[in-house]
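Below is one structure, written out as structure tokens, with a few remarks after it.
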Amino acid sequence: MKILSGIRKGILAGAAAALLASVPMTAFAEQITLRVPSWWFGEPGNKVWMEKVVKAFMDENPDIKVEGYNVAYGAYADQMLLEMGSGSPPDVIHLLNMNIGDFLRNDLLLPLDGYVAKSDISKETYSPAQFESPLMVDGHTYGVIQMVANYVPFYNETILKAAGYDKFPDNPKDFLELAKKTTKAPNQFGYAAMVKPGSYIQTYMDVAQWVIANGGHFAIDGKPTVNDPRNIEAISMFKELFDAGVMPRDVDKSTYRQMWWQGKVGTLFDGSWMMGFAKAGNPEIVKDLRTAPMPWPGHRTAAAFQLWAIPKDAPHPDEAFKLIEFMQSAKWQKEMVAITNAVSPRLNSIPDGYLEANPWFATFQEASDKYAVSIMPAGLELYGNEVLKIIADKVEEILYKNRPVAEAMAEAQAQVVALVKN
């Protein structure tokens, strides 16, 4: 009996060993959780892609759980600075080339050089902007571009035709006239931009589109040029439209974007992702939506980009970059274009047949290829939010307090010069 008992034990032990050998080791590994806050988790179209790519990543990496959650675009940078300053950073953060400077100056980001060197993110596969300031500072990489944002006119063809237009204007004077003729306030506005006080990054972005299109900028090679005559001319045109009542005022960006896809706004200068918003919010209007180059002779187009970065004290940096690399892979970038209509930083990421099915996208691709100018004041990227806030605050004074444009911009110039010298 003892011999039989021993045999049974041996058989059971062997069976148990075989069973353990057949179970993946990840089943016994401790599962970690990556915290990934992003406004994309709360936006139509973008949310679909984020949830899809995160699920695919977790399916391939069962030892990693991704806790993705929505943080509003307007409050994002301040909340991340607060969380990181308090010692509880997320694993991956979603930034802009307009606000990364605040994080760099405070030494809050992890250099990614080693990770990028082992990835397929290279000058042969990726946008040149990936290898320039502010993503590269003093030879170190601090982020990976997630998507490119070019801002061109997105207009409602039906609204334009009702006002007697069969094509979009190609100069600013005619565009101002178009915006006025297509306004039937308060039910319909010819144009919309961020003019509600309190959102200085968004105000800066929308005004900078005019300044850049008009041939100006707020800095050149690190030298502030806030009161350049071309800037003053562009902001004066913006003020003319504001005074004419062609823009909805006391609404935030989300609200007036919704008004656009509801057919209550004729034209926005906005990004390619807006088509995804329209398809999700009001599919019936998609047939009426068209794009055009910026209505200035040179078609200069303000360009920004969103990026992924890893906090310096992130709990799981290796796994965090693994997720970033997965999201930015060739396969998932093509999926991003197809689902969100965003412009990818990865070269050759337009899916087969996409342009034929989405001819409006060609304007964004052409702008990216030929006319893109960084929306950030060149050479002042590390001063990020401070420079933007100075300019946006003066724009609000111009709009709401009727400060003379030249006077307000001269004051802003002096403040930026003082900031850069300190």
Side-chain angles (χ1 to χ4, degrees), residues 77 95-105 109 123 126-152 200-235 238 269 271 294 296-307 309 343 345 367-395 408-422:
L95 299 177
L96 312 169
N97 60 332
M98 289 163 292
N99 59 28
I100 189 176
D102 294 323
F103 295 81
L104 290 170
R105 285 204 320 277
L109 300 182
K123 292 183 178 180
Y126 232 72
S127 165
Q130 174 64 45
F131 309 96
E132 301 170 356
S133 177
L135 285 177
M136 287 198 71
V137 179
D138 295 330
H140 296 293
T141 300
Y142 290 94
V144 175
I145 298 178
Q146 180 237 344
M147 57 85 69
V148 180
N150 295 314
Y151 299 93
V152 305
Y200 65 90
I201 291 180
Q202 296 175 13
T203 296
Y204 170 86
M205 289 176 68
D206 286 0
V207 170
Q209 295 164 17
W210 288 68
V211 166
I212 290 170
N214 201 49
H217 218 320
F218 295 111
I220 298 174
D221 295 330
K223 179 182 178 181
T225 56
V226 181
N227 60 339
D228 184 287
R230 292 166 295 186
N231 303 354
I232 292 171
E233 181 181 38
I235 296 172
F238 191 88
F269 295 169
M294 287 296 283
W296 276 261
H299 302 318
R300 279 167 46 108
T301 305
F305 51 80
Q306 299 174 14
L307 62 104
V343 179
S368 180
D369 294 343
K370 297 181 181 179
Y371 309 124
V373 176
S374 174
I375 202 167
M376 283 298 292
L380 304 184
E381 290 92 349
L382 293 186
Y383 298 91
N385 282 355
E386 293 160 286
V387 173
L388 272 53
K389 191 173 190 307
I390 288 170
I391 294 169
D393 285 349
K394 295 307 172 188
V395 169
M409 289 297 100
E411 189 171 310
Q413 169 76 1
Q415 291 179 7
V416 172
V417 169
L419 171 68
V420 173
K421 284 183 177 180
N422 290 334

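Reckoned from all heavy atoms, side chains included, excluding hydrogens, waters and symmetry mates. By convention here, the first residue in the shown sequence is residue 1.
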* Asked: Is the distance between the ring centroids of Phe218 and Tyr204 less than 6.0 Å?
  -> yes
Of the non-hydrogen atoms in [X] and [Y], which two are nearest, and what is the gap between them?
{"X": "Gly143", "Y": "Gln130", "result": "O-NE2, 2.8 Å"}
{"X": "Ala367", "Y": "Asn150", "result": "C-ND2, 4.2 Å"}
{"X": "Ala304", "Y": "Ile375", "result": "CB-CG2, 3.8 Å"}
{"X": "Tyr200", "Y": "Ala392", "result": "O-CB, 3.4 Å"}
{"X": "Tyr142", "Y": "Leu104", "result": "CG-CD2, 3.4 Å"}

For the backbone of [Y] and the side chain of [X], can you confirm whether one donor and one acceptor N or O come within less than 3.5 Å of each other?
{"X": "Arg300", "Y": "Gly216", "answer": "yes"}
{"X": "Tyr126", "Y": "Val144", "answer": "no"}
{"X": "Gln413", "Y": "Pro224", "answer": "yes"}
{"X": "Asn227", "Y": "Met409", "answer": "no"}
{"X": "Glu381", "Y": "Gly379", "answer": "yes"}

Just how far is it from atom [atom1] of [X] to atom [atom2] of [Y], taken to the nearest 0.5 Å?
{"X": "Tyr371", "Y": "Ile212", "atom1": "OH", "atom2": "CD1", "answer": "16.0 Å"}
{"X": "Arg105", "Y": "Leu382", "atom1": "CZ", "atom2": "CG", "answer": "7.0 Å"}
{"X": "Thr225", "Y": "Arg230", "atom1": "OG1", "atom2": "CZ", "answer": "7.5 Å"}
{"X": "Asp102", "Y": "Asn99", "atom1": "CG", "atom2": "CG", "answer": "6.5 Å"}
{"X": "Met147", "Y": "Leu307", "atom1": "CE", "atom2": "CG", "answer": "11.5 Å"}
{"X": "His299", "Y": "Lys370", "atom1": "NE2", "atom2": "NZ", "answer": "9.5 Å"}

* Does a side-chain heavy-atom distance below 4.5 Å link Leu109 with Ile100? ->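 They are in contact (side-chain heavy atoms under 4.5 Å apart), so the answer is yes.
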* State, with a plain yes or no, whether a side-chain heavy atom of Met376 is found less than 4.5 Å away from one of Leu388. =>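 Counting from C-beta outward, Met376 and Leu388 do come under 4.5 Å.
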* In terms of the angle between their ring planes, are Phe269 and Trp210 parallel, tilted or perpendicular, with boundaries placed at 30° and 60°? -> tilted
* Are there more than 12 heavy atoms of other residues, nucleotides or ligands under 6.0 Å from atom CG of Asp221? ->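 It does not: Asp221 CG has 12 such atoms or fewer within range.
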* **Intermediate values then yes/no, side chain to side chain contact (heavy atoms under 4.5 Å, CB included), Ile391 and Val207** => CA-CA 9 Å; Ile391 294 169; Val207 170; 5.7 Å; no
* Give the intermediate values and the outcome of side chain to side chain contact (heavy atoms under 4.5 Å, CB included) for residues Val211 and Ile235. => CA-CA 7 Å; Val211 166; Ile235 296 172; 4.1 Å; yes
